[in-house]
Amino acid sequence: MPPRYTPAAVGLHWLIALLIAGGFGLGWYMTELPLSPAKLKYYAWHKWIGVSVFLLAVLRVGWRLAHPPPPLPAGMPYWQLRASAWSHALLYLMIFLLPLSGWLYSSASGYPVVYLGVLRLPDLVGKNKELAGLLHELHELLGWLLLGLLALHIAAALKHHFLDRDGLMGRMWFGR
Amino acid sequence: MKSPIRSLATLALLIFTAAVPAALAIDAAKSTVTATFRQMNVPVDGEFTKLAGSISFDPAHPEAASARIEIETAGFDLGMDDYNAEVRKPEWFDSARHPKASFVSSGFKALGADRYLASGKLSIKGKTIAISLPVTVRREAAVTVFEGSLPVSREAFGIGDPGWNEVLDDSVSLRFHLVQPR
Ligand code: HEM
Ligand code: HEM
């Protein structure tokens, strides 16, 4: 039985993955809608999902520092070790930067973020239309970057599972 | 030769204008009127960018004060084009049929120090409601500043599509900062 990630790490990985999928879905859908009360609700939910990702990311990195991942199988090519280290580091970075850019964008647009409708988060920057335009582009750009990274990440996971059959996929799942 | 009636009339006018301070225009560029509404508990500010008005105020005779402030509802800026287009629609400000909102005050009551209670009539979207609101009056080097805020019910003035009530509070906080050069 190969070593695996702790259940907490697995839980956080998939919970965050689920929320990010929801964030993308809502993000694309809501921006296409004409202005309506429903649109405002979806924007609020999108922000709440994003802030949740941010909070879980803090937890996840904290957990990760205290619980190193299981060692990768011996004999893995050096380039794969480097690629996995780098892509994982960038994925971690993105789950902070993407929500942060959204939060910055909201602040610059003059819309405070009220998490779950009850907790008002501080405005990160003052209202500024030009800055808001830039931050909007940054938020979109980071979204595409994360999608690119995820495409690689998922492709790698599938390669290990179906081609290499080295059981890496199982490391990121719950087990005995 | 001047007719005595004209002389008397001139005299009466002189006395009248001396007793009632002249209404001085406010500096629209330095004055702001902001509406803060709450959507799903998120406070959002919009600014009325087109305003005009004049105030006549003498601290020695606050009861004789008068003010008239006019706002163009089409100048309301929420910072987003689609929001701005929405609030000009008939369900909201109906800017096409009611381009102006106004506050006309007919007297201040001293509340102590630099605070006063201004009473008057607030007209928005063709509806007029008598209100009184606290105003702070500050005399600075070259200007007089009138400041205050008041809650306004959207429903009372028929502002808003009821379909939005689920995400938008009825009460909107109106804040003003009026600068009058002396
Ligand atoms: C938003 C989506 C996702 C993010 C942000 C994400 C992020 C990460 C990160 C940062 C790691 C490294 C964990 C560590 O070593 O500390 C990881 C591992 C892993 N991810 Fe994802 N992931 C996402 C989605 C997915 C998906 C959709 C799959 C499956 C197709 C997947 C499969 C895996 C696997 C199998 C590992 C373990 C690799 C190993 O054994 O070392 N992930 N993920
Ligand atoms: C997991 C985190 C997040 C993801 C994956 C994500 C993704 C996206 C995507 C794909 C869009 C559509 C881009 C566009 O066409 O404009 C979007 C838009 C937006 N996001 Fe996020 N976002 C996240 C977090 C946040 C957070 C935390 C906030 C604010 C607190 C936020 C605020 C916004 C706003 C206001 C828009 C609308 C932009 C517009 O009106 O065009 N996002 N997001």
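We name chains A, B, ... by the order of the sequence lines, and we start the count at 1 in each one. Worth knowing before you read on, the calculation uses all heavy atoms, side chains too, and leaves out hydrogens, waters and symmetry mates.
Across all non-hydrogen atoms, the minimal contact from A:Tyr111 to B:Leu78 is OH-O, 3.6 Å. When all heavy atoms of A:Val114 and B:Asn41 are compared, the closest pair comes out as CG2-O, 3.5 Å. Residues A:Lys127 and B:Asp45 approach most closely at NZ-O, 3.7 Å, considering heavy atoms. Across all their heavy atoms, B:Gly163 and A:Pro37 have their closest contact at O-CG, 3.4 Å. The minimum heavy-atom distance linking B:Met40 with A:Leu40 is given by the pair SD-O, 4.0 Å.
For A:Lys41, the parts lying near chain B are the backbone and the side chain together; criterion is any non-hydrogen pair under 4.5 Å. Residue B:Val167 touches chain A through its side chain alone, counting heavy-atom pairs closer than 4.5 Å.
Clustering ILVMFWY residues whenever any of their side-chain heavy atoms sit less than 4.5 angstrom apart, transitively, puts A:Phe96 in the very cluster that holds A:Ile20. One hydrophobic cluster, built from ILVMFWY side chains closer than 4.5 Å, holds both A:Leu97 and A:Leu90. Residues A:Leu138 and A:Leu134 do not share a hydrophobic cluster, clusters being chains of Ile/Leu/Val/Met/Phe/Trp/Tyr side chains in contact below 4.5 Å. Linking ILVMFWY residues whenever their side-chain heavy atoms come closer than 4.5 Å, directly or via other members, leaves A:Ile154 and A:Leu98 in distinct clusters.
Atom CG of B:Asp81 has 12 or fewer neighbouring heavy atoms from other residues, nucleotides or ligands inside a 6.0 Å radius. At most 12 heavy atoms of other shown residues, nucleotides or ligands fall within 6.0 angstrom of atom CD in B:Glu155.
For the options A:Gly117, A:Ala38, A:Pro34, A:Gly110, heavy-atom pairs under 4.5 Å to chain B are most numerous at A:Gly117.
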